Student: 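Mind looking over this structure? Questions follow.
If you're wondering where the values come from, they're calculated on a predicted model, not measured in any experiment. When a ligand or atom number is given, it counts from 1 through the structure's own listing order.
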Amino acid sequence: MTSTTIDAGVLGTGFYVPERILTNFDLEKMVDTSDEWIVERTGIHERHISAKDVPASELAYQAAVRALADAHTKPEEVDLIICATLTGDAVCPSTASFIQDKLGAVNAAAFDLAAACSGFVYSSTVAAQFIKTGTYRRVLVIGVEVLSKFLDWEDRNTCVLFGDGAGAAVYGPVEKGFGILGFDLGSDGSGTGALGIASGDRGRALVEGQKQNCVYMNGAEVFKFAVRAMGATMKRSLERAGMEPKDVDWLVPHQANIRIIQSAAKRLALPLEKVIINIGKYGNVPAASIPMALAEAAGEGRFRKGDIVVLAGFGAGLTWASCIMRWAKEDL
Ligand code: ACO
């Protein structure tokens, strides 16, 4: 992707999780499960859960404040807010509008983007298009979920997997040759029945016997899809960036299952030390998983300027998305 356009990259990141922690041992008292099963099958030890009266926009706001501070950006300098979520504050208006109001980002346009767990990478590529054309200079991208409010807490197949939280990144112009160098987005709409939330005219009808407004999932089918999709999308993104797996310094994958992450790393022949993994502490936080992992790793100073960082995810739709970026920010 060489052109005369402006290169777009991450200027700052931040994340936030609610205080309350729900451990596997807590879950043992709620459903027929065990810490051993959950850890072995998923890699998850605990997850954070939002209070009943705390909506997605509140977690998103907290992450956004941190990302804006990290990017030395004032709320009124933000041109656009994109919020990736599947558990927003309302069907309408958008969660991005609630966030805009609380931030005082009075000059920003705002919309939500629905691509489930792929949402943050989808949103990042959208942000990059606006920056590349010179239309906008500061785009705030947030992934946020309060999935705990959309789970059937009697269904052990799903309730042990997810957590709540938010991650945010500020995108803006960066030095030539830095930022997003290649990406791949995709969807296979024949997989809508494999994973989703039973709401809306189609969603309610998709899975028989599913509690309304709760997550439905065919775990085995999603697992097989995820392993294939992660490998294929990263390969396409690398090709578009003119790179090979050996060029990758860091992989920031969607945190759905440690076994899916391990298989993605294997496909790039990347040692696990180069993979950002925080699923043990947070569980799967759909659209927020990747930005939370990105922000946590960046905050720990793990990325050096010039590092090649790959973001890759998959989710309901079924969707997938990946992007390759040359880290533009000088950390620590
Ligand atoms: N505790 C104990 N046993 C359980 C639990 C649990 N919490 N959940 C399921 N089981 C049982 C099932 O009932 C089943 O029992 P059975 O064989 O007697 O019927 C058995 O465990 C299933 O075992 P496996 O099929 O071997 O489980 P698997 O190794 O496939 O792990 C899992 C299941 C964790 C769900 C896995 O398939 C997975 O991670 N799938 C992908 C999930 C995913 O990525 N979702 C993305 C969501 S992102 C988004 O867009 C919302």
Side-chain angles (χ1 to χ4, degrees), residues 22-47 56 84-88 113-123 143-165 186-189 191-199 203 206-207 210 213-231 233 253-264 277 279-280 282-293 312-321:
L22 187 73
T23 67
N24 292 349
F25 299 104
D26 296 327
L27 280 163
E28 283 181 356
K29 295 178 200 129
M30 296 162 64
V31 287
D32 181 14
T33 191
S34 66
D35 173 62
E36 192 188 355
W37 190 95
I38 301 171
V39 173
E40 195 180 290
R41 295 310 216 185
T42 71
I44 301 166
H45 292 270
E46 58 189 36
R47 68 288 288 143
T85 187
L86 48 104
T87 54
L113 189 149
C117 309
S118 310
F120 180 80
V121 181
Y122 262 72
S123 301
V144 60
E145 302 294 357
V146 285
L147 219 82
S148 64
K149 298 174 201 283
F150 295 84
L151 289 172
D152 175 356
W153 286 100
E154 292 175 351
D155 176 13
R156 69 175 183 174
N157 291 296
T158 52
C159 77
V160 305
L161 302 175
F162 299 96
D164 299 341
S187 173
D188 175 3
T192 49
L195 178 63
I197 293 181
S199 63
L206 269 173
V207 184
Q210 175 65 53
N213 296 317
C214 288
V215 168
Y216 63 82
M217 185 180 78
N218 179 335
E221 195 181 324
V222 176
F223 192 97
K224 270 188 262 160
F225 156 77
V227 167
R228 271 198 321 270
M230 288 286 274
T233 186
H254 175 44
Q255 314 276 318
N257 187 313
I258 189 71
R259 292 180 291 144
I260 296 172
I261 295 173
Q262 285 161 344
S263 123
I277 301 173
I279 186 173
Y282 306 119
N284 179 354
V285 196
S289 273
I290 290 177
M292 281 170 59
F314 64 91
L318 295 165
T319 57
W320 58 87

Student: For ligand 1, which is the ligand I care about here, please tell me if H254 has any N or O atom under 3.5 Å from one of the ligand's N or O atoms.
Tutor: no
Student: Given side chains that start at C-beta, do those of N284 and E145 come closer than 4.5 Å, heavy atoms only?
Tutor: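 No; the side chains remain at least 4.5 Å from each other.
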Student: Checking the side chain of S123 only, and the main-chain atoms of G119 only, is there a donor and an acceptor separated by less than 3.5 Å?
Tutor: yes
Student: What do you think, any protein heavy atom under 4.0 angstrom from atom 42 (C) of ligand 1?
Tutor: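 Under the 4.0 Å cut-off, atom 42 (C) of ligand 1 does have protein heavy-atom neighbours.
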Student: Say whether G219, considering both its backbone and side-chain N or O atoms, lies within less than 3.5 Å of an N or O atom on ligand 1.
Tutor: yes
Student: Does ligand 1 have a heavy atom under 4.0 Å from the side chain of L195, from its backbone, from both, or from neither?
Tutor: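 Looking at L195 and ligand 1, just side chain atoms fall under 4.0 Å.
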Student: Within 4.0 Å of atom 1 (N) of ligand 1 (strictly less), any protein heavy atom?
Tutor: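 When distances to the protein are checked, atom 1 (N) of ligand 1 has a heavy atom within 4.0 Å.
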Student: Is there a protein heavy atom at a distance of less than 4.0 Å from atom 8 (N) of ligand 1?
Tutor: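 Flag for atom 8 (N) of ligand 1 set to true, protein heavy atom closer than 4.0 Å.
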Student: So, regarding S34 and ligand 1 (criterion: nitrogen or oxygen to nitrogen or oxygen, under 3.5 Å), is there a contact or not?
Tutor: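 Such a contact does not occur with ligand 1.
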Student: Does N284 approach ligand 1 within less than 4.0 angstrom via side chain, backbone, both or neither, non-hydrogen atoms only?
Tutor: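 The answer is the side chain of N284.
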Student: Given the protein's heavy atoms, is any one of them under 4.0 Å from atom 20 (C) of ligand 1?
Tutor: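 Neighbour list for atom 20 (C) of ligand 1 is empty of protein heavy atoms (cut-off 4.0 Å).
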Student: Would you check the N or O atoms of A316, main chain and side chain alike, for any that come under 3.5 Å of an N or O of ligand 1?
Tutor: yes
Student: Heavy atom to atom 23 (O) of ligand 1, shortest distance: which of R41, M217, R156 holds it?
Tutor: R41
Student: Less than 4.5 Å apart, any side-chain heavy atom of Q255 and any of Y282?
Tutor: no
Student: Kindly indicate whether the side chain of T319, heavy atoms from C-beta on, has any atom under 4.5 Å from the side chain of F314.
Tutor: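 With C-beta onward as the side chain, the pair stays apart.
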Student: Under 4.0 Å from a heavy atom of R259: which atoms of ligand 1 are those, numbered in the order shown and with their elements?
Tutor: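 Those of ligand 1 that fall under 4.0 Å from R259 are 28 (P), 29 (O), 31 (O).
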Student: Under 4.0 Å from atom 26 (O) of ligand 1, do we find at least one protein heavy atom?
Tutor: yes
Student: Look at the side chain of N257 and the backbone N and O of R41, then say whether any donor-acceptor pair between them is shorter than 3.5 Å.
Tutor: yes
Student: What are the two closest heavy atoms between S148 and D164, and how far apart are they?
Tutor: OG-OD2, 2.6 Å
Student: Answer yes or no: does an N/O atom from T42 fall short of 3.5 Å to an N/O atom of ligand 1?
Tutor: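 There is no such contact.
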Student: With heavy atoms under 4.0 Å as the rule, classify the contact between N157 and ligand 1 as side chain, backbone, both or neither.
Tutor: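 Both of them.
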Student: Is it the case that the side chains of T23 and E46 hold a donor-acceptor pair, with the cut-off being a distance below 3.5 Å and no angle test?
Tutor: no
Student: Check whether T87 reaches the backbone of V146 with its side chain - one donor and one acceptor, N or O, closer than 3.5 Å.
Tutor: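 Indeed, once roles are kept as given, a pair shorter than 3.5 Å links the two residues.
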Student: Looking at side-chain heavy atoms only, is the closest gap between E28 and V160 below 4.5 Å?
Tutor: no
